[in-house]
Amino acid sequence: EPEVTQTPSHQVTQMGQEVILRCVPISNHLYFYWYRQILGQKVEFLVSFYNNEISEKSEIFDDQFSVERPDGSNFTLKIRSTKLEDSAMYFCASSHRGVLVGEQYFGPGTRLTVT
Amino acid sequence: AQTVTQSQPEMSVQEAETVTLSCTYDTSENNYYLFWYKQPPSRQMILVIRQEAYKQQNATENRFSVNFQKAAKSFSLKISDSQLGDTAMYFCAFMKPGGGADGLTFGKGTHLIIQP
């Protein structure tokens, strides 16, 4: 069964550094998303991406964040100048259009630790 | 803005029992989607069940079913014949009908523990 994959599974970085989290969505999906989950808290929407541009973003997704689909398979989240409070689990998700619209399939997540 | 409320931080039942997790939401939209996601200790988010608001029939997936009460804005999950592998965090989620561009709004989750 096709699945969303994410790399790395765990990333440790120093405060102020830039990180890039990578995702490979399910191949026939057209919508891509990033979410984050601070330990012990709920999952929060960051951004959605369709047709090579951002469709919607939350107030969390400020100028520190950017997303890109550099080729036909990868979808990346870049966090510039990381802060301690960026430590969280970051989930990528993807979905169809059509009758299954809205059914988002999540990757296993990348745990980001900022020290 | 939409809000999703899960009022049960933790629940514990014996294996084979039936358990119901509650979820309420607030929205001004008439059409939308509702979901239950399971997050086991591995922290992977797994879709359990979905419900379209325009459908009156409650969704079912094997041992999992929902009780969708649109007027009350309630969306509870029932797990029948609970199994040890059902132990996980369960998140209720809402999505506007934006054609797929909208993000999910999650509740804070319910930690379900199935006791042997």
Side-chain angles (χ1 to χ4, degrees), chain A residues 1 3-6 9-10 23 25-26 28-61 67 88-112, chain B residues 1-10 21 23-25 27 29 31-55 59 61 64 66 75 88-111:
Chain A
E1 187 174 329
E3 57 184 21
V4 177
T5 60
Q6 290 184 244
S9 57
H10 189 193
C23 168
I26 295 174
N28 63 343
H29 285 187
L30 298 176
Y31 291 93
F32 315 117
Y33 313 83
W34 283 103
Y35 292 83
R36 101 179 162 187
Q37 184 182 32
I38 296 170
L39 186 63
Q41 298 188 23
K42 66 179 178 181
V43 179
E44 300 172 292
F45 169 70
L46 292 178
V47 65
S48 63
F49 192 87
Y50 171 73
N51 200 25
N52 284 319
E53 61 183 23
I54 290 174
S55 297
E56 183 178 324
K57 59 183 181 179
S58 72
E59 57 189 25
I60 301 170
F61 193 87
V67 289
M89 197 78 164
Y90 288 81
F91 292 100
C92 173
S94 67
S95 75
H96 294 275
R97 291 187 69 182
V99 294
L100 293 177
V101 69
E103 199 160 299
Q104 297 180 18
Y105 293 85
F106 283 73
T110 292
R111 189 199 303 179
L112 176 64
Chain B
Q2 286 67 228
T3 59
V4 178
T5 302
Q6 294 179 250
S7 59
Q8 304 150 314
E10 185 170 290
L21 310 182
C23 172
T24 58
Y25 57 93
T27 183
E29 303 282 344
N31 195 21
Y32 45 85
Y33 302 92
L34 296 164
F35 306 86
W36 279 97
Y37 279 86
K38 171 184 177 180
Q39 187 181 44
S42 66
R43 297 190 73 184
Q44 169 112 42
M45 296 289 287
I46 302 165
L47 178 64
V48 175
I49 200 164
R50 67 177 258 156
Q51 174 83 41
E52 290 90 344
Y54 64 86
K55 290 187 178 178
E61 285 288 341
F64 299 88
V66 299
F75 182 61
M89 284 292 292
Y90 285 82
F91 293 96
C92 179
F94 173 100
M95 198 188 84
K96 293 186 298 182
D102 298 283
L104 294 163
T105 299
F106 286 90
K108 290 187 176 181
T110 295
H111 184 205

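Chain letters run A, B, ... following the sequence lines, proteins first and then strands; every chain starts at 1. None of these values were measured; they are calculated from a predicted model. Heavy-atom basis, side chains included; hydrogens, waters and symmetry copies ignored.
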- [ ] For ring pair (Phe, Tyr, Trp, His ring centres under 6.0 Å), just list the numbers for B/Phe106 and A/Phe45, CA-CA rounded to whole Å, side-chain angles, deciding distance to a tenth of an Å, and then say yes or no.
- [x] CA-CA 8 Å; B/Phe106 286 90; A/Phe45 169 70; 9.9 Å; no
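Expressed to the nearest 0.5 Å, how far CD of A/Glu103 lies from CG of B/Leu47 amounts to 5.0 Å.
A/Phe49 pairs by the ring-ring contact (aromatic ring centres under 6.0 Å, His included) definition with A/Phe75, not counting sequence neighbours.
By the 4.5 Å heavy-atom criterion applied to side chains, A/Val43 and B/Met45 are counted as neighbours. Counting heavy atoms from C-beta on, the side chains of A/Leu39 and B/Arg43 come closer than 4.5 Å. Under the 4.5 Å side-chain criterion, counting only non-hydrogen atoms from C-beta, B/Gln39 is in contact with A/Phe91.
For residues 39-58 of chain A, the set of pairs meeting the salt bridge (Lys or Arg N to Asp or Glu O under 4.0 Å) definition, not counting sequence neighbours, comprises A/Arg36-A/Glu44.
Within 6.0 Å of the CD atom in B/Glu10, the count of heavy atoms belonging to other residues, nucleotides or ligands exceeds 12.
Between the B/Gln44 side chain and the A/Gly109 main chain, no donor and acceptor come within less than 3.5 Å of each other. Judged by distance alone, with hydrogens and angles left aside, the side-chain atoms of A/Tyr35 form a donor-acceptor pair with the main-chain N or O of B/Leu104 at under 3.5 Å.
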